[in-house]
Amino acid sequence: MDKNIKKKIGILCVCINSMYWEFAKAMIESARIHLLANHDVEYMLWTDMPEEVNYGCKIFPTEAVTWPYPTLLRYTLFLQQEEYLKKFDYLMYVDVDMLFVNTVGDEVLGDGLTMAQHPMYALKRGYIPPYEPNPSSSAYIPRFGQISQDENGKTWFDPLYAAGGFQGGTTESFIKAMKAMKRGIDADLSKNYIAIWNDESHWNKYLSEHPPSVVLSPSYVYPDSMIEEYYNKIWGRTYIPRLITLTKKFSVSSEAGEFLRNELKNM
Ligand code: UDP
């Protein structure tokens, strides 16, 4: 990508059911400050909010559905506007219950797909199970990951697990991915089945067969809590928060948080 040319970026967001509405305003305001600010960015919201409350976004009115369908059917919704989306150079999806707290710039734009490593599974190297990951070895077992290299030229295999909360790519590659993921989700639904992590499972499956051109660190899906007690320990390092995920009052009770903290103290 030529870094000097302004790109047309389409930001895709789903915001269905009133308890999610409050998140959209803050996320979009923070994105206008921190996200690809040197480009021509348009925000699109598939939502059941009243149309006059649009936060400066292009609104696609959408009917309320219960979880997990707002997240699972995101590609169905986006692809209904395929012709509209084709005017962009890049498409990036952002969960609305997130907040940009630091610059997210051209590093998220590659030649193909962009994924962010899920904070929970961005493990330190010691945690990697010992299957042979190299496709050119006869001991190869297919697993999704990439070969990394340190400053001395030493290489190793890093397993990858992508978060569903921040994803995208060039318009062509992401529309192709969305079509394949929609096919997979619809095929599962026709068998009355939903994958373990909904759309996220299908994103990981697609990426395992179509490697991304950009792999972002957990800085881009950075949890807003338990950093010291939990995540720094899993990561074996710290990351700079850039795009943080917000703990939702309605999905995590204070009792559950307290219980987890006590469990961790005793680990
Ligand atoms: N979402 C929504 N309404 C819902 C549930 C989810 O609009 O009732 C959208 C919203 O953009 C949210 C995304 O789907 O950020 C992902 O869903 P969820 O918050 O359940 O996933 P989590 O962030 O908890 O993994």
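Residues: numbered from 1 along the sequence shown. Both ligands and their constituent atoms are indexed starting at 1 by order of listing. As the structure is a computational prediction, the values presented were derived from the model and not from experiment.
- Polar contact with ligand 1: absent for R74 (N/O pair, distance under 3.5 Å).
- With ligand atoms numbered from 1 in the order given, ligand 1 contributes 5 (C), 18 (P), 20 (O) to contacts under 4.0 Å with heavy atoms of W67.
- At a cut-off of 3.5 Å, with distance as the only test, no side-chain donor of T71 or N198 sits close to an acceptor on the other residue.
- Among residues two or more places apart in sequence or in another chain, the side chain to side chain donor-acceptor pair (under 3.5 Å) test is passed with D224 by T247.
- On a distance-only criterion, M19 and ligand 1 share no N/O pair closer than 3.5 Å.
- Close contacts between ligand 1 and C15 involve ligand atoms 7 (O) [criterion: under 4.0 Å to a heavy atom].
- Per-residue contacts place V14 under 4.0 angstrom from the following atoms of ligand 1 (heavy atoms of the residue considered): 7 (O), 9 (C), 10 (C), 11 (O).
- Side-chain atoms of M120 and Y231, non-hydrogen and from C-beta on, do get closer than 4.5 Å to each other.
- Legend: residues meeting side chain to side chain contact (heavy atoms under 4.5 Å, CB included) with A37, ordered by chain and number and at least two apart, are absent.
- In this structure, Y93 has a heavy atom closer than 4.0 Å to ligand 1.
- When non-hydrogen atoms are compared, ligand 1 lies under 4.0 Å from neither the backbone nor the side chain of W46.
- Side chain to side chain, Y84 and E42 meet the donor-acceptor criterion of an N or O pair below 3.5 Å.
- Taking 4.5 Å as the limit, every side-chain heavy atom of I16 sits out of range of all side-chain heavy atoms of T47.
- An N or O contact shorter than 3.5 Å is missing between V65 and ligand 1 by distance.
- Contacts with ligand 1 closer than 4.0 Å are made by side-chain heavy atoms of N17 only, the backbone lying farther away.
- Donor-acceptor pairing under 3.5 Å is recorded for the side chains of Y161 and E200.
- Close approach of ligand 1 to P70 is summarised as follows: ligand atoms under 4.0 Å from at least one heavy atom of the residue are 1 (N), 2 (C), 3 (N), 4 (C), 5 (C), 6 (C), 8 (O).
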